[in-house]
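Read the numbers this way: they start at 1 and go in the same order the structure lists the ligands and their atoms. Numbers here simply count residues along the sequence, with the first being 1.
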Amino acid sequence: SLKNVKYTHAVSYYRGGTAYTGTVKSLKLNTKKYTTKTITVNKKKIKVRCYTNVSYVSKPVDSKYQTMNIYIPESYFHNKKVNGYTKNTAPYFMTNTVGGYMSGAAGGLTSSGNGGGMKKPSGSKTMKLPAKPTGKKSGKGNGLNANGGASSTESTQKALSEGYIVAAAGARGRDDKKNSKNVGKAPASIVDLKAAVRYLKYNASRLPGNTNRIVADGTSAGGALSTLLGTTGNAKDYAPYLKAIGAADTSDDIYTAVTFAPITNLDHADSAYEWEFGGITKLSSSGMPGGPTTASSLTTKQQAASKELKKQFVTYLNGLNLKDDNGNKLTINSDGTGTLATLLKKKVMESAQTALDNGTTIKASKYPWLTIKSGKVTDVNLKKYFKAIGRSKTAPAFDSFDLSAGENNEFGTSTVASKHFTSYSQSNSTKKTTSQADSTIVKMMNPMEYIGTSQATVAKHFWIRYGEKDSNTSLLIPTLLSQKLKGAGVDVNYKVQWNTGHAGDYDLNALFKWLNKNMK
Ligand code: DHB
């Protein structure tokens, strides 16, 4: 048995040069250690077997976050079917509670607890870093929890009612500290979630269900992580990190990724943001939800940066060599036209049309950028649309010159709080004391780097949603992700959600209908 064997961590991964000893934990699920809870979903009672506070790594760095709650419909232990699924075919639905690239503890079964008597899921009480929630933009109503992360209990309950086994995984984030060292900086969150996937696969024989049918869900930074789970399966870059924390030695690819408002492609998100919001000098809202309040308008220097970044986007786009749905190369001209602009228009028009078709009233006076003729959406004026949404971040939006963005903090190291992760911001930095983030780590946080390459196994199916009113990143980010995935042969369901801001886990009926269809 591995139990009670002391381990010492390699000093290079998350340890900041501090050797650490602990007790090696078994990776074998103790199948006898569970509780049983009954939840009610749509007036139907569901008995759930709960394995809580399960360490998914053998050498945890921070046990507070590197744990998982596994919720299983009790029916499977009695040879009963749920929604046509059996104890052999039940898919897995993996949630995370990461928001703002902060740590997120394993999600609960109900909003009042996790069914295991463990700590509450949000972890917000321990948040000390800049992205302290304001409460204004978080909480009920937008699908985000008090920590800015996705409130996973609704999707958890829905998944259970649909016969899925829920794996609610915790993950370290940029705020996590141990022995006064940072232990959750990039790529810790994605490494942890990969370890959680591996744990499920490793324990496949001890659990009901089919671990070849794992669906990962997430919102915002958590959506960036579900996207990474879906695009970096088995990629070698992560191997030393997984080894260091004692992750199971299995594959870590998943079947389907679900991502809402993914704050991803961070090293190109600044230029994408300026392509969309460049020329807008006033902020309509402020920064990352729960994050530090940013200025209300752009300084002269930021306006100059905006112009420069906008140009960089064109270069980036050309290098991507992406196609639209008709096989034409995605292009953008300096006047704002091109196949990419046409695609963005199409997505926003589709969004409005769907809303109309579902009976939503769209007042012309409220949407001067939208043309509707006899119930049909015929045009979107992109420039006016972007202006109407407005920017919520200064320039650069993600790799801030003064290192104040949450993303700078995400790319810190065990001993350095924040770093630049683009050479543009590094060379324009007002805080030139630190070196730029390690390029491999920046790559490991960017799904675009792995899609369509031989480095990784990519999920077969992708569900991508972005709010029509969201300005936390550019609409280009989910759109380019979608086209890159399609180009690699992935089945992508990507839509812009009408009259929706920065939110996640909405439209669950439609989501599960699609998930179920693809499981067959
Ligand atoms: C999140 C929001 C942001 O604006 C951002 O920059 C990073 C993360 C979030 O809600 O998780």
(request) Check whether NZ of the Lys or CZ of the Arg Arg172 lies under 6.0 Å from the centre of the six-membered ring of Tyr65 and within 45 degrees of that ring's axis. (result) no
Numbering the atoms of ligand 1 from 1, which are under 4.0 Å from a heavy atom of [X]?
{"X": "Gly99", "result": "11 (O)"}
{"X": "Lys393", "result": "3 (C), 4 (O), 5 (C), 6 (O)"}
{"X": "Phe398", "result": "6 (O)"}
{"X": "Gly100", "result": "1 (C), 8 (C), 9 (C), 11 (O)"}
{"X": "Ala221", "result": "8 (C), 9 (C), 11 (O)"}

(request) State, with a plain yes or no, whether a side-chain heavy atom of Leu228 is found less than 4.5 Å away from one of Tyr238. (result) yes
(message) Within the structure provided, determine whether Lys393 and Thr473 are in side-chain contact (heavy-atom separation under 4.5 Å).
(response) no
(request) Check if Gly406 has a non-hydrogen atom at a distance under 4.0 Å from any atom of ligand 1. (result) no
(message) Less than 4.0 Å is my threshold; does some heavy atom of Glu407 fall inside it relative to ligand 1?
(response) yes
(request) Tell me, please, which residues at least two apart from Tyr199 pass ring pair (Phe, Tyr, Trp, His ring centres under 6.0 Å). (result) none
(message) Any salt bridge linking Glu162 with Lys158? Criterion: basic side-chain nitrogen under 4.0 Å from a carboxylate oxygen.
(response) yes
(request) Give a yes or no on whether the ring-centroid distance for Tyr164 and Phe512 is below 6.0 angstrom. (result) yes
(request) Return a yes/no value for Tyr101: is any of its N or O atoms, backbone included, closer than 3.5 angstrom to an N or O of ligand 1? (result) no
(message) Please report whether ligand 1 has a polar contact with Asn472, defined as an N or O pair separated by less than 3.5 Å (distance criterion only).
(response) yes
(request) Could you list the residues that satisfy side-chain hydrogen bond (donor to acceptor under 3.5 Å, both in side chains) with Thr259, not counting sequence neighbours? (result) Thr227
